[in-house]
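Below, chain A is the first sequence line, B the second, and so on; all start at residue 1.
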Protein chains: 2
Amino acid sequence: MEATGNGEKGLHARVLESLGPAITAGDHPPGTVLRTDELAERFDVSRTVIREAIRVLESMHLVTSRRRVGVTVRPTEEWNVYDPRVIGWRLAGRDRPRQLRSLTVLRSAVEPVAAGLAARHATPAQCAELTEHAMGMVATSRGQQLDAYLVHDMAFHRVVLTSSGNEMFARLAEVVAAVLTGRTQHHVMFTDPDPAAVTLHVQVAEAIRTGDATRAEALTREITTGAMAELDVLAP
Amino acid sequence: MEATGNGEKGLHARVLESLGPAITAGDHPPGTVLRTDELAERFDVSRTVIREAIRVLESMHLVTSRRRVGVTVRPTEEWNVYDPRVIGWRLAGRDRPRQLRSLTVLRSAVEPVAAGLAARHATPAQCAELTEHAMGMVATSRGQQLDAYLVHDMAFHRVVLTSSGNEMFARLAEVVAAVLTGRTQHHVMFTDPDPAAVTLHVQVAEAIRTGDATRAEALTREITTGAMAELDVLAP
DNA sequence: TCGACCAATTAAGTATGACGTTTGCGTCAC
DNA sequence: GTGACGCAAACGTCATACTTAATTGGTCGA
């Protein structure tokens with residue numbers, strides 16, 4: 001499935017996939033004005049298609065559309081930085097390090113609290129999933145199996161966030177996944193994960209299973225603190 | 001400016017302001033299919049306008065648009081719950097209590113960390129603003145001045161979040177403002193704010209000013225914990 | 001000279017009708 | 001009963017004409 005990814009969706013989606021990254025990357029700095037007619041010509045589509053793409057960018061607060069003036073790129077501070085697509089575009093673009101740092105800080109705030117809640121709300125099935133993925137991390141933590149390790153790592157944190165029972169936390173799962181993926185990609189592919197971190201994950205799973213909220217929160221805080229420290233080492 | 005807010009924007013925006021709340025309130029349960037032609041007739045606008053509104057709803061993951069089937073309302077778990085408009089609609093609708101609780105939990109995770117960061121990054125001007133609003137809270141904490149108190153309270157937390165230096169945190173300011181507003185509206189209008197909470201705000205301002213990150217975080221955690229306890233009392 | 005008012009221009013907003021494309025679903029043959 | 005075929009329904013796209021609002025600039029008057 002998924003073909004080559006070059007273009008199986010609608011035209012407006014394709015325009016969006018071109019304009020969005022361009023704006024978030026700073027190719028069109030805040031204050032830049034885009035004319036719909038010009039865009040229609042540039043992308044060789046009708047004005048209708050452009051307008052639909054603009055509506056979406058507008059809903060992300062990336063641009064505003066005003067009569068007699070055109071489509072204006074809004075200042076960075078007004079962007080909807082929680083929109084998954086904006087996050088994705090920025091992670092793929094120029095200020096990826098900056099975005100990665102913001103998200104890691106957000107993680108450090110949210111995940112410990114989520115783990116504490118999970119200790120009180122996780123179902124037996126979720127606890128089983130947690131230990132399963134923690135074991136998977138242990139099993140793949142040595143011998144250049146970073147890809148397999150990453151899968152378990154992402155799944156582990158996803159289960160923690162969803163087990164918290166808070167919908168806002170649950171929706172951050174994909175963001176955390178993006179951060180973890182980004183970290184792995186930045187790593188030199190020959191360094192195995194930190195054994196201490198692996199141990200912490202196992203302990204978090206156990207704390208949640210036994211309903212020890214305080215311990216789950218503290219341990220998760222250690223994990224996220226480690227992630228931030230790691231980022232400081234690799235940071236440009 | 002801003003007129004009366006009844007309807008000075010485009011037609012698509014008006015359609016959105018009608019469809020969005022209806023969907024988030026559950027008037028069109030997940031799985032419901034809407035036809036664009038039908039909507040065009042119902043709102044007495046052209047299909048173009050409907051399509052633009054649908055594109056925005058689609059970008060919020062509230063609906064999906066598929067050929068031969070129509071516009072389908074997506075399950076609740078897939079909604080972009082961080083979109084300010086979705087938050088606003090849900091706060092105004094049926095499951096307001098649920099949304100208020102989710103957001104308060106999010107606050108309890110984010111604000112303490114933000115306060116800790118603010119202690120290290122806040123500029124003198126921001127520190128001045130903080131103490132100013134803390135003093136304002138003290139001044140308005142007695143004698144049925146809840147409205148004036150609310151203004152200072154919202155401003156205080158906004159400055160804390162922006163002073164953290166993290167763009168993700170800063171963008172939560174309006175969400176926190178919505179929560180605080182909601183809390184005040186639920187309060188009986190004759191009960192003055194909790195004096196202990198007021199004191200805590202003053203102490204947070206001082207901790208941030210003196211750069212005591214640990215203390216700022218701990219004190220803010222007390223504030224948010226209090227907010228959650230308060231919610232438990234009033235909760236249905 | 002300065003200010004206020006008016007008109008022209010420009011680009012987005014809206015409406016409409018036609019055609020293209022996908023795809024669910026029924027039908028028919030084997 | 002199963003598979004292939006084809007119709008039709010709904011969105012997707014396009015082209016065009018018209019409407020609306022705001023910027024610009026110029027003119028007129030105090």
Side-chain angles (χ1 to χ4, degrees), chain A residues 1-20 22-23 28 30-74 78 85, chain B residues 1-20 22-23 28 30-74 78 85:
Chain A
M1 334 289 184
E2 189 61 14
T4 54
N6 43 12
E8 271 312 310
K9 300 170 291 191
L11 290 185
H12 59 89
R14 244 177 291 177
V15 171
L16 203 60
E17 293 300 315
S18 176
L19 272 184
I23 293 175
H28 306 295
T32 307
V33 291
L34 308 166
R35 260 92 36 85
T36 54
D37 292 308
E38 175 200 327
L39 292 172
E41 187 190 13
R42 170 138 68 97
F43 289 100
D44 191 36
V45 294
S46 72
R47 213 162 59 100
T48 309
V49 171
I50 295 296
R51 284 181 52 74
E52 290 178 14
I54 294 297
R55 281 286 97 79
V56 176
L57 292 175
E58 199 176 28
S59 93
M60 296 171 173
H61 279 69
L62 293 185
V63 302
T64 58
S65 183
R66 278 169 48 204
R67 282 189 163 129
R68 180 57 172 88
V69 53
V71 176
T72 313
V73 178
R74 303 183 79 160
E78 299 179 4
R85 248 167 313 184
Chain B
M1 332 300 177
E2 188 63 14
T4 54
N6 43 11
E8 273 311 313
K9 301 169 291 190
L11 291 185
H12 57 88
R14 243 176 291 177
V15 172
L16 203 60
E17 294 300 315
S18 176
L19 272 184
I23 292 175
H28 307 297
T32 308
V33 291
L34 308 166
R35 260 95 30 95
T36 53
D37 292 313
E38 175 201 327
L39 292 172
E41 187 190 14
R42 171 139 67 98
F43 289 101
D44 192 37
V45 295
S46 72
R47 216 161 56 100
T48 310
V49 171
I50 295 296
R51 286 181 52 75
E52 289 177 15
I54 294 296
R55 280 287 99 78
V56 176
L57 292 175
E58 199 176 27
S59 93
M60 296 169 174
H61 279 70
L62 293 186
V63 302
T64 57
S65 182
R66 280 169 47 203
R67 283 187 162 130
R68 177 57 173 127
V69 51
V71 177
T72 313
V73 178
R74 303 182 78 158
E78 299 179 4
R85 248 168 311 184

Query raised in the report: Can you tell me how far P of dA22(D) sits from CZ of Arg35(A), to the nearest Å?
Result: 19 Å
Query raised in the report: What is the distance, rounded to the nearest whole Å, between atom NE2 of His12(B) and atom P of dT20(D)?
Result: 16 Å
**Report entry** Span of DNA chain C in contact with chain A (heavy atoms, under 4.0 Å)
**Finding:** dT9(C) to dT14(C)
Query - Separation of atom CG in Leu39(B) from atom C1' in dA10(D), rounded to whole Å - result: 13 Å
Query raised in the report: Within less than 4.0 Å of OP1 or OP2 of dT19(D), is there a side-chain N or O belonging to Arg67(A)?
Result: no
Report summary line: Glu52(A) atom CD is separated from dG12(D) atom C1', nearest whole Å, by 8 Å
Query raised in the report: Distance check: side-chain N/O of Thr36(B) vs OP1/OP2 of dC11(D), anything under 4.0 Å?
Result: yes
**Report entry** Ala53(B) versus His12(B), closest heavy-atom pair with distance
**Finding:** CB-O, 4.0 Å
**Report entry** Closest heavy-atom pair and its distance - Thr72(A), Val33(A)
**Finding:** OG1-CG1, 3.8 Å
Query raised in the report: What is the bend of the helix from dT1(C)-dA30(D) to dC30(C)-dG1(D) when you compare the axis at one end with the axis at the other, using five pairs each and rounding to 10°?
Result: 10°
Query raised in the report: In Å, rounded to the nearest 0.5 Å, how long is the span from CG of Leu57(A) to CG of Leu19(A)?
Result: 6.0 Å
Query raised in the report: What does Arg66(B) touch in the nucleic acid at a heavy-atom separation under 4.0 angstrom: a base, only the sugar-phosphate, or nothing?
Result: sugar-phosphate
Query raised in the report: Given side chains that start at C-beta, do those of Leu39(A) and Val15(A) come closer than 4.5 Å, heavy atoms only?
Result: no
Query raised in the report: Which whole-number value in Å describes the distance from Ile50(A) CD1 to dG12(D) P?
Result: 16 Å
Report task. Evaluate salt bridge (Lys or Arg N to Asp or Glu O under 4.0 Å) for Glu52(B) paired with Arg55(B), printing each intermediate quantity in order. Result -> CA-CA 5 Å; Glu52(B) 289 177 15; Arg55(B) 280 287 99 78; over 6 Å; no
Report summary line: note: Glu58(B), atom CD; dC11(D), atom P; distance rounded to Å ~ 12 Å
Query raised in the report: Can you tell me how far C1' of dT19(D) sits from CG of Leu11(B), to the nearest Å?
Result: 11 Å
Query - Glu41(B) atom CD, over 12 foreign heavy atoms within 6.0 Å - result: no
Query - Arg47(A) or Arg68(A), whichever maps to the more 5' nucleotide of DNA chain D - result: Arg47(A)
Query raised in the report: Base, sugar-phosphate, or nothing: which does Thr48(B) touch, judged by heavy atoms less than 4.0 Å apart?
Result: base
Requested in this report: Please report the C-alpha distance between Arg85(B) and Leu16(B) in whole Å, then the side-chain angles of each, then the deciding distance to 0.1 Å, and finally whether the side chain to side chain contact (heavy atoms under 4.5 Å, CB included) criterion is met.
Outcome: CA-CA 10 Å; Arg85(B) 248 168 311 184; Leu16(B) 203 60; 3.6 Å; yes
Requested in this report: Would you mind reading off the distance between Arg51(A) atom CZ and dT13(D) atom P, rounded to a whole angstrom?
Outcome: 15 Å
Requested in this report: Report which part of the nucleic acid Leu34(B) touches: base, sugar-phosphate, or nothing (heavy-atom distance under 4.0 Å, all strands).
Outcome: sugar-phosphate
Report task. Apply side chain to side chain donor-acceptor pair (under 3.5 Å) to Ser59(B) and list each qualifying residue two or more places apart in sequence or on a separate chain. Result -> Ser59(A)
Query raised in the report: Would you call Arg14(B)-Glu17(B) a salt bridge at under 4.0 Å N-O?
Result: no
